**Student:** 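Dropping a structure here in structure tokens format, bear with me for questions.
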Amino acid sequence: MKFSEIIGQQETKKRLIQSVKDQRISHAQLFLGKTGSGSLALAIAYAQYISCEKKSDQDSCGECRSCIKYQKYIHPDLHFAYPISLSKDVRNSTQEIVAWREALIANPYLVLEDWFGVIEAENKQPIIGAEESAEILRKLSLTAFESEYKVMIIWMAEKMNPSAGNKLLKILEEPPEKTLFLLIAEDEDQLLRTILSRTQLVKVKRIDELSMIGALMKEQNLSEEEAKGITALAEGDYRAAQKLIQDNETIAFNLSTFQLWMRACLRFDLQKINTLITKFSDLGRERQKNFLGYCLHMVRECLMTNYGLDTLVLMTSSEQEFIKRFAPYVNGKNCLQFTSEFNKAYWHIERNANPKILFLDVSFKVNEFLHLKAGHSPE
């Protein structure tokens, strides 16, 4: 992965390259960025640049022995750790390395939902456990084979449990010579404080609009108008943009389900609510989170519509038709309650809450919120 292959992030690229030129490479760095921002791709490009045998002032060469191995993720001094679903047969991520390499080659902007789909663990809890830390320590105890640096990239570091994190504290603080830790995380609040305090922060911003539009036109063969529309909906998340292009069915499903749920909650139709709750529970954790994110999106669009901010409304024509009828139910009296409740539900789903109990509780509260102000039926 070369820096030139990464969408946007020009300032971050320049800082990383400069750190190598100045020989000021921090031994433990945390790449913190939202989903789809390219944090993992940046970390890999940074490691490849450090190891490149013919690097320029702007990028790695992409042609030397080191770069060729990095681009296939098979360099002997490049190591990965990432969340897995623990089972009696799979105890650390090395056991999934073939699938991991294939997934990265297919899409370096992959997200947790993609990865757990690859290993067929959609409904399982992602974790980086204590046995993973033992494997990390084992790998880093080895002498570097070909490069000056041994590199350990830990993806989704917030999935590290306390036992795993505590085992790494000493090596993070006093690593072997020429050992580089690159941690990637999306949610700073979920990171262990002891890990956070031992790393140098590299903030990765959302992808800027111009870079996103250019990438979509080049990589996805979209027209400029299509690319602008997708960019507006993706909000700086390249993986979200890919999904919007590839999976229009998801948008249709979310809209239809949201409509049915809001109507059932408004009328407090328990039979329909229970049917929908069963539907929710069968989706799998990542799809449940995706739907709750969509609920937050719809609340935002209702508010924008109510305040006459049409230029900020990011919806399909089908969504616009529904919002015209539903917007009166979202107002200054309940918008914060809606937002807080959907965010809390998302938080609990991430922590393996029972979806049936959770969505039933949220349905009761949504019924209450919808009646804070009278409006027209969202038919």
Side-chain angles (χ1 to χ4, degrees), residues 1-31 33 37-82 92-110 115 132 135-157 168 171-172 175-184 199-200 202 204 219:
M1 174 68 65
K2 296 176 67 177
F3 282 121
S4 59
E5 298 174 67
I6 295 168
I7 303 164
Q9 310 297 353
Q10 297 305 321
E11 289 302 316
T12 304
K13 292 176 189 177
K14 288 177 183 177
R15 288 197 300 272
L16 292 173
I17 290 170
Q18 194 61 47
S19 73
V20 180
K21 291 179 182 178
D22 296 341
Q23 297 184 348
R24 296 177 63 87
I25 301 171
S26 176
H27 71 268
Q29 301 180 46
L30 170 64
F31 287 66
S37 61
S39 300
L40 175 59
L42 268 172
I44 294 170
Y46 182 45
Q48 179 170 317
Y49 184 74
I50 290 170
S51 299
C52 178
E53 298 165 3
K54 300 177 182 178
K55 64 176 71 67
S56 70
D57 288 342
Q58 290 80 37
D59 212 337
S60 52
C61 71
E63 298 175 352
C64 68
R65 180 182 61 172
S66 176
C67 284
I68 289 170
K69 291 181 180 180
Y70 255 88
Q71 287 166 170
K72 296 178 182 178
Y73 310 113
I74 58 172
H75 195 289
D77 297 315
L78 171 66
H79 307 285
F80 290 98
Y82 36 84
N92 62 64
S93 63
T94 303
Q95 294 171 273
E96 300 282 12
I97 189 61
V98 174
W100 172 253
R101 287 171 178 154
E102 290 174 352
L104 266 186
I105 290 170
N107 190 357
Y109 284 81
L110 86 167
W115 170 234
E132 187 69 47
E135 180 71 359
I136 290 170
L137 294 171
R138 183 192 69 78
K139 289 176 180 177
L140 296 182
S141 68
L142 303 173
T143 304
F145 287 91
E146 297 178 6
S147 294
E148 182 181 7
Y149 280 86
K150 293 178 290 183
V151 180
M152 172 58 68
I153 295 178
I154 304 178
W155 181 59
M156 297 297 291
L168 295 180
I171 195 171
L172 278 173
E177 188 178 1
K178 300 297 184 180
T179 298
L180 179 60
F181 277 94
L182 302 178
L183 282 66
I184 294 94
T199 55
Q200 177 179 297
V202 178
V204 182
E219 303 295 334

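When reading the values below, keep in mind they use all heavy atoms of this one structure, side chains included, and skip hydrogens, waters and symmetry mates. These numbers were taken from a predicted model, which means no experiment stands behind them.
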**Student:** Verify whether the ring centers belonging to Trp155 and Phe80 lie closer than 6.0 Å.
**Tutor:**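 Ring centroids of Trp155 and Phe80 are no less than 6.0 Å from each other.
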**Student:** Would you give the length of the straight line joining atom NZ of Lys14 to atom CD of Gln58, rounded to the nearest 0.5 angstrom?
**Tutor:**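 The NZ atom of Lys14 sits 10.0 Å away from the CD atom of Gln58.
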**Student:** If I take atom CG from residue Leu172 and atom CE from residue Met152, how far apart are they, to the nearest 0.5 angstrom?
**Tutor:**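 Leu172 atom CG to Met152 atom CE measures 10.5 Å (nearest 0.5 Å).
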**Student:** Should Ser19 and Tyr46 be marked as a side chain to side chain donor-acceptor pair (under 3.5 Å) after you check the CA-CA gap, both sets of side-chain angles, and the distance that decides it?
**Tutor:** CA-CA 10 Å; Ser19 73; Tyr46 182 45; 3.0 Å; yes
**Student:** So is Lys13 actually on top of Phe3's ring, under 6.0 Å and inside 45° of the axis?
**Tutor:**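 No, Lys13 does not lie over the aromatic ring of Phe3.
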**Student:** Does the side chain to side chain donor-acceptor pair (under 3.5 Å) test come out yes or no for His75 and Ser51, once each step is laid out?
**Tutor:** CA-CA 10 Å; His75 195 289; Ser51 299; 5.3 Å; no
**Student:** When you measure from the side chain of Gln29 to the backbone of Ser26, do you find a donor-acceptor pair of N or O atoms at a distance under 3.5 Å?
**Tutor:**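 Pair found, side chain donor or acceptor close to backbone of Ser26.
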**Student:** How are the rings of Trp115 and Tyr82 set to each other: parallel, tilted or perpendicular (split at 30° and 60°)?
**Tutor:**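 Ring orientation, 0 to 90° scale: perpendicular.
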**Student:** State whether Glu135 and Arg138 are salt-bridged, where the test is any N-O pair (Lys NZ or Arg NE/NH1/NH2 against Asp/Glu carboxylate O) under 4.0 Å.
**Tutor:**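 A salt bridge is present here (some side-chain N lies under 4.0 Å from a carboxylate O).
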**Student:** Does either side chain, that of Ser66 or that of Gln48, offer a donor lying less than 3.5 Å from an acceptor on the other one?
**Tutor:**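 Ser66 vs Gln48: no donor-acceptor pair found between side chains.
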**Student:** Any chance you could measure Ile153, atom CD1, to Leu183, atom CG, to the nearest 0.5 Å?
**Tutor:**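 Reported value, rounded in 0.5 Å steps: 10.0 Å.
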**Student:** Could you grab the distance from atom OG1 of Thr94 to atom NZ of Lys139, nearest 0.5 Å is fine?
**Tutor:**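 So the OG1 of Thr94 and the NZ of Lys139 are separated by 3.0 Å.
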**Student:** Does Arg65 come within less than 4.0 Å of Glu53, counting only side-chain N to carboxylate O?
**Tutor:**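 Salt bridge present between Arg65 and Glu53.
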**Student:** What distance do Thr199 atom OG1 and His27 atom NE2 have between them, rounded to the nearest 0.5 Å?
**Tutor:**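 Rounded to the nearest 0.5 Å, the OG1-NE2 separation comes out at 9.0 Å.
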**Student:** Tell me, with the steps shown, if Ser60 and Lys54 meet side chain to side chain donor-acceptor pair (under 3.5 Å).
**Tutor:** CA-CA 7 Å; Ser60 52; Lys54 300 177 182 178; over 6 Å; no
**Student:** Measure the CG-CG distance between Leu168 and Leu137 for me, rounded to the nearest 0.5 Å.
**Tutor:**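 The CG atom of Leu137 is 5.5 Å from CG of Leu168, to the nearest 0.5 Å.
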